[in-house]
Amino acid sequence: MKEKIVFATNNLHKKEEIAKLLGQKYEVLCLSDLAPAIDIEENGNSFAENASIKSRYVYEQYGLDCFADDSGLEVEALDNEPGIYSARYSGKKDDKANLNLLLERMTDKTNRKARFRTVISLMLGGKNHLFEGQIEGQIRLQAKGDQGFGYDPIFEPLGYDRTFAEMTLEEKNTISHRAIAMQALISFLNNTESLPKNS
């Protein structure tokens with residue numbers, strides 16, 4: 001029987017990525033599986049703080065072991081913007097508006113260096129564990145590809161000639177920032193004999 005673990009997100013794209021990475025051992029639930037319209041305010045000052053706010057909320061409210069991630073794009077020429085504000089860079093949760101604003105602000109920039117970062121907070125048996133992943137790359141001059149989400153169509157990882165949005169989910173999962181952090185989480189869970197029983 002699969003063990004239940006909550007991924008504190010409403011983003012079904014993220015849930016799909018994570019469920020594939022976790023494999024057959026765990027049944028991954030998301031926020032909408034717990035209750036309708038859960039929107040946890042992320043008011044931290046770092047990826048780690050925001051991830052911990054979400055995982056702790058679920059653990060305290062529902063008594064379920066939970067992990068949450070906070071991810072973002074850091075662009076060197078923009079002083080690491082959008083960073084923790086990546087999901088609402090344009091002032092709202094709108095992938096296309098966020099992407100277009102970023103491209104607009106990069107119009108006259110010759111330095112296209114950027115990196116994606118993820119920090120995962122795992123609340124397991126009341127203890128918080130943090131895992132981080134990052135991948136270097138550059139911002140394309142224009143969007144390309146229709147896979148993925150967010151800034152994927154304009155992010156080209158170092159050593160590749162394609163954007164994340166031009167890769168299959170399987171390809172992206174082998175190199176992405178979230179995959180790197182998840183592999184650290186999975187390794188930790190695999191070395192934990194069993195999840196503590198949720199009350």
To check you understand the geometry: which heavy-atom pair defines the closest contact between [X] and [Y], and what is its length?
{"X": "L78", "Y": "K109", "result": "CD2-CE, 4.0 Å"}
{"X": "L31", "Y": "I38", "result": "O-CD1, 3.6 Å"}
{"X": "S55", "Y": "A68", "result": "N-CB, 3.7 Å"}
{"X": "I53", "Y": "G44", "result": "CD1-N, 3.7 Å"}

State which residues pass side chain to side chain donor-acceptor pair (under 3.5 Å) with [X]; sequence neighbours excluded, sorted by chain then number.
{"X": "E132", "answer": "R117"}
{"X": "T168", "answer": "E171"}
{"X": "S71", "answer": "D69, T118, R178"}
{"X": "E76", "answer": "N111"}

With a 4.5 Å limit on heavy-atom distance, are the side chains of [X] and [Y] in contact?
{"X": "I175", "Y": "P157", "value": "yes"}
{"X": "L102", "Y": "I154", "value": "yes"}
{"X": "E81", "Y": "V75", "value": "no"}
{"X": "K4", "Y": "L29", "value": "yes"}
{"X": "L130", "Y": "I120", "value": "no"}

In Å and rounded to the nearest 0.5 Å, what is the [atom1] to [atom2] distance from [X] to [Y]?
{"X": "L99", "Y": "D152", "atom1": "CG", "atom2": "CG", "result": "9.5 Å"}
{"X": "E136", "Y": "K113", "atom1": "CD", "atom2": "NZ", "result": "8.5 Å"}
{"X": "M182", "Y": "F131", "atom1": "CE", "atom2": "CZ", "result": "9.5 Å"}

Does anything in [range] pair up under ring pair (Phe, Tyr, Trp, His ring centres under 6.0 Å), and if so which pairs, sequence neighbours excluded?
{"range": "residues 93-128", "value": "F116-F155, F116-F164, F116-H177"}
{"range": "residues 74-99", "value": "none"}
{"range": "residues 27-46", "value": "none"}
{"range": "residues 28-50", "value": "none"}

Show your reasoning for whether side-chain contact (heavy atoms from CB on, under 4.5 Å) applies to Y59 and L64. CA-CA 5 Å; Y59 185 82; L64 294 170; over 6 Å; no

Listing, residues 137-145 side-chain donor-acceptor contacts under 3.5 Å, not counting sequence neighbours, or none:
| unit_1 | atom_1 | unit_2 | atom_2 | d |
| --- | --- | --- | --- | --- |
| Q138 | NE2 | E156 | OE2 | 3.0 |
| R140 | NE | E156 | OE1 | 2.5 |
| R140 | NH2 | E156 | OE1 | 3.1 |
| R140 | NH2 | D161 | O | 2.9 |

Under a single-linkage definition using a 4.5 Å side-chain heavy-atom cutoff for Ile, Leu, Val, Met, Phe, Trp and Tyr, are Y151 and I135 assigned to the same hydrophobic cluster? yes

Quick check on the hydrophobic clustering: are Y57 and L34 connected, directly or via other members, by side-chain heavy-atom contacts under 4.5 Å? yes

Can you list every pair that meets salt bridge (Lys or Arg N to Asp or Glu O under 4.0 Å) and has a residue in residues 33-49, with sequence neighbours left out? K15-D33, E42-K54

Kindly assign one of parallel, tilted or perpendicular to the pair F67 and F7, based on the angle between their ring planes and the thresholds 30° and 60°. parallel

Under 6.0 Å from the CG atom of N43, do we count more than 12 heavy atoms belonging to anything else shown? yes

Would you say H13 has more than 12 foreign heavy atoms packed within less than 6.0 Å of its NE2? no

Do D70 and I84 pass the side-chain contact (heavy atoms from CB on, under 4.5 Å) test, and can you show the C-alpha distance, the side-chain angles, and the key distance before you say yes or no? CA-CA 8 Å; D70 194 38; I84 62 171; 4.3 Å; yes

Return the set of residues passing salt bridge (Lys or Arg N to Asp or Glu O under 4.0 Å) with E170 (not counting sequence neighbours), or none when no residue passes. K20

Contact list for residues 91-100, test side-chain hydrogen bond (donor to acceptor under 3.5 Å, both in side chains), sequence neighbours left out: S90-N98

